[in-house]
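The structure appears below as structure tokens.
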Amino acid sequence: MNTYFSRLKPSLYVVPKNVYDVTPAEKLLKITKPWLFLKVFEGEDFSSRLPEHYKYFYWSWKHGDKGPVHYVPQKGNFKLAENKEFAVAVKNEPVQVVYPTNCDEGLWGGEGIIKGYKHMGRYKGEVAKYWFPTLELTTLYSEILDCYFETTVTPRALELIDNHYGLDYYLLETSPADVYSALGMRLKREMLLVLVNQTLYPDDPVTRKEITEKYKRFIIPIEEAEWVGLSLEEA
């Protein structure tokens, strides 16, 4: 029987056995740093000993807020009801999206597979219907890595890359949750490492200086850059 409680999903975070034992400081920490309370980082195995900056990256990648992709959010807090007699609260409910494993092998721009239902007519009920993103094989260029590579992309991903004036800015400026691609995170990791280690353009010091100056605001300590883009198993 499909009840309300059967549709509830288990919490991603550690739930205390007795809520009355939680101090105000712990409550504040759960609000400001929720990545410290993910269940995957609890216990006595290696995951509990991972550095905090990686926990934040993993949380922002796997559980961070995603921008609207498959729907147009309504603005404001209230809107006029259909009968135009009173106001109702605006509710933006994101479309449920399924991300297959092969989306990690390309750049889909946050797109995924949408499941819906098609009405077959009176007395015939509904059947499941799936909407798949448009995929194409293309060649992209990274200015920081100075290399071309071929991968699968969506038209939305190409548009986002154009809006950011290049692949490098797109990956460095976009949140991991919106990129949502293991390939994108690995490329971002390589970009950050060559920037901080100054190994870009080894035979052209003039270009190296220009590119470093162009992307200097993205440079982070090497201790943090080494952990960016790693899966939980790789970490």
Y169 and T174: CA distance, side-chain angles, deciding distance, side chain to side chain contact (heavy atoms under 4.5 Å, CB included) verdict: CA-CA 8 Å; Y169 273 129; T174 308; over 6 Å; no
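- A salt bridge does not link E159 with R156: every distance from a Lys NZ or Arg NE/NH1/NH2 to an Asp or Glu carboxylate oxygen is 4.0 Å or more.
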Derivation of the side chain to side chain contact (heavy atoms under 4.5 Å, CB included) call for E136 and L158: CA-CA 10 Å; E136 55 186 272; L158 292 177; 3.8 Å; yes
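- Side-chain contact between I113 and P133 is present, with at least one heavy-atom pair separated by less than 4.5 Å.
- With hydrogens and angles left out, the side-chain atoms of E224 and Y54 include no donor and acceptor closer than 3.5 Å.
- Side-chain atoms of W108 and C103, non-hydrogen and from C-beta on, do get closer than 4.5 Å to each other.
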CA sep, side-chain torsions, deciding dist, call: E213, R208, salt bridge (Lys or Arg N to Asp or Glu O under 4.0 Å): CA-CA 9 Å; E213 182 67 22; R208 182 195 314 142; over 6 Å; no
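- Within the 4.5 Å cutoff, no side-chain heavy atoms of N77 are placed close to those of V90.
- Side-chain rings of H164 and Y170 approach one another, their centers coming within less than 6.0 Å.
- The distance from atom NZ of K55 to atom CZ of F37, rounded to the nearest 0.5 Å, is 10.0 Å.
- The environment of NZ in K209 is sparse: at most 12 heavy-atom neighbours from other residues, nucleotides or ligands sit within 6.0 Å.
- Counting heavy atoms from C-beta outward, I222 and N197 have side chains that approach closer than 4.5 Å.
- For the pair K129/K115, no side-chain contact is recorded, criterion being any heavy-atom separation below 4.5 Å from C-beta on.
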Only pairs under 3.5 Å count here: list side-chain donor-acceptor contacts from residues 176-193, not counting sequence neighbours, and write none if there are none.
unit_1	atom_1	unit_2	atom_2	d
D178	OD1	G67	N	2.7
D178	OD2	S175	OG	3.1
S181	OG	G106	O	2.6
S181	OG	L183	N	3.3
S181	OG	G184	N	3.1
R189	NE	E226	O	2.9
R189	NH2	E226	O	3.2

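- Counted by atom type alone, Q198 and T212 present one or more donor-acceptor pairs between their side chains at under 3.5 Å.
- Between D146 and I211 the shortest side-chain heavy-atom distance does not fall below 4.5 Å.
- Here the side chain of Y58 pairs no donor or acceptor atom with the backbone of V40 at under 3.5 angstrom.
- More than 12 heavy atoms of other residues, nucleotides or ligands shown are found within 6.0 angstrom of NZ on K66.
- Within the 4.5 Å cutoff, the side chain of Y215 has no heavy atoms near those of the L200 side chain.
- Under the side chain to side chain contact (heavy atoms under 4.5 Å, CB included) rule, V153 has a single partner from T134, L137, L107, L135, which is L107.
- The distance between the ring centers of F149 and Y141 does not fall below 6.0 angstrom.
- Residues Y201 and E143 are in side-chain contact: their nearest non-hydrogen atoms beyond the backbone lie under 4.5 Å apart.
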